[in-house]
Amino acid sequence: MALYNDVVMDHFLNPKNVGELENPDGSGIYGSPVCGDMMQIQIMVEDDKITDARFKTFGCGSAIASSSMATSMIIGKTIEEALQITNKQIIDELGGLPPVKVHCSVLADRAIKNAIYDYAMKNGKTYAALEGYDPEADDDEDEHGVEE
């Protein structure tokens, strides 16, 4: 258990925002070929601000903690602000993850972007941070943080 700090353990044992939203404005799923974890993030949006977010994650404690923290971080943010959140910021908010678990934060980062992409497509909206973004693209393994 020494691998995980108190913040990670709290978000794993007492995850925030777990579950599904009824009629979400955007829904994003992302899975990791590195570990097999799968994450879904759903968002509700009002006046370009994320008013609620929920997640469902199939994966390890780090994936659950990353999902919990990521949804907590985007609630109350504008779409543009949420699109700027990086996996490193999620790790920093968690107080760190073991290097072998950094890819879990990438899952959360991508699931957020996929949910916002879904919202944008449904509503005919464009965001600079999504220009050229492909939710179906498979990233290189290095982006999953294995080497970080």
Side-chain angles (χ1 to χ4, degrees), residues 1 3-123 125 127 129-130 133-141 143-146 148:
M1 291 281 215
L3 287 175
Y4 300 104
N5 66 46
D6 290 342
V7 176
V8 173
M9 289 304 296
D10 182 48
H11 278 273
F12 168 58
L13 296 172
N14 307 296
K16 285 74 174 157
N17 310 310
V18 76
E20 289 185 283
L21 293 169
E22 192 173 318
N23 301 314
D25 293 317
S27 184
I29 296 174
Y30 190 71
S32 170
V34 174
C35 64
D37 291 344
M38 187 68 79
M39 187 178 297
Q40 172 185 278
I41 291 181
Q42 296 179 320
I43 57 172
M44 296 299 288
V45 181
E46 191 173 309
D47 297 325
D48 243 25
K49 184 180 269 189
I50 297 172
T51 58
D52 202 358
R54 295 282 182 262
F55 80 90
K56 287 172 62 174
T57 294
F58 176 80
C60 65
S62 294
I64 293 167
S66 293
S67 305
S68 175
M69 180 58 78
T71 53
S72 296
M73 290 172 71
I74 64 172
I75 294 172
K77 294 222 180 330
T78 65
I79 294 292
E80 292 286 359
E81 291 168 337
L83 282 168
Q84 299 308 311
I85 293 173
T86 65
N87 74 299
K88 178 153 179 18
Q89 289 172 309
I90 295 167
I91 292 169
D92 290 346
E93 288 294 316
L94 284 170
L97 286 173
V100 71
K101 295 296 185 177
V102 168
H103 66 275
C104 295
S105 64
V106 174
L107 293 177
D109 175 2
R110 287 296 302 265
I112 290 169
K113 284 182 177 56
N114 288 352
I116 293 171
Y117 181 87
D118 182 52
Y119 166 73
M121 293 299 102
K122 287 178 179 174
N123 292 281
K125 295 189 174 263
Y127 299 98
L130 288 179
Y133 182 74
D134 181 1
E136 302 298 319
D138 229 1
D139 294 330
D140 296 320
E141 281 194 22
E143 191 171 320
H144 292 284
V146 176
E148 290 183 28

N114 and Y133: side chain donor to acceptor below 3.5 Å: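 Short answer, yes.
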Using every non-hydrogen atom in the two residues, find where [X] and [Y] come nearest and quote the distance to one decimal.
{"X": "A82", "Y": "I112", "result": "O-CG2, 4.1 Å"}
{"X": "S66", "Y": "L97", "result": "OG-CD1, 3.8 Å"}
{"X": "I85", "Y": "Q89", "result": "CA-OE1, 3.0 Å"}
{"X": "L94", "Y": "M69", "result": "CD2-CB, 3.8 Å"}
{"X": "L107", "Y": "G31", "result": "CD2-C, 3.7 Å"}
{"X": "N17", "Y": "A53", "result": "CB-O, 3.3 Å"}

Below 4.5 Å, heavy atoms only, C-beta onward: do [X] and [Y] meet side chain to side chain?
{"X": "K125", "Y": "D48", "answer": "yes"}
{"X": "Y127", "Y": "T78", "answer": "no"}
{"X": "F55", "Y": "V18", "answer": "yes"}
{"X": "S72", "Y": "H11", "answer": "yes"}

Which residues pass the side chain to side chain contact (heavy atoms under 4.5 Å, CB included) test with [X], not counting sequence neighbours?
{"X": "D52", "answer": "L21, M44, R54, I75"}
{"X": "M121", "answer": "Y117"}
{"X": "Q40", "answer": "E20, S27, I29, Q42, K56"}

What's the spacing between [X] [atom1] and [Y] [atom2] if we round to 0.5 Å?
{"X": "K49", "Y": "E80", "atom1": "NZ", "atom2": "CD", "answer": "14.0 Å"}
{"X": "I41", "Y": "K113", "atom1": "CD1", "atom2": "NZ", "answer": "10.5 Å"}
{"X": "I79", "Y": "D47", "atom1": "CD1", "atom2": "CG", "answer": "11.0 Å"}
{"X": "I116", "Y": "L83", "atom1": "CD1", "atom2": "CG", "answer": "4.0 Å"}

side-chain contact (heavy atoms from CB on, under 4.5 Å) between D37 and H103, worked out: CA-CA 10 Å; D37 291 344; H103 66 275; 4.3 Å; yes
Heavy-atom neighbours of [X] [atom1] exceed 12 at 6.0 Å:
{"X": "K122", "atom1": "NZ", "result": "yes"}
{"X": "K16", "atom1": "NZ", "result": "yes"}
{"X": "N14", "atom1": "CG", "result": "yes"}

Check against side-chain contact (heavy atoms from CB on, under 4.5 Å), S68 and F12: CA-CA 8 Å; S68 175; F12 168 58; over 6 Å; no
N/O donor-acceptor pair under 3.5 Å between D25 side chain and V45 backbone: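 Looks like yes, one N/O pair under 3.5 Å.
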N5 side chain vs V7 backbone, donor-acceptor pair below 3.5 Å: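 Yes, because the side chain of N5 sits within donor-acceptor range (under 3.5 Å) of the backbone of V7.
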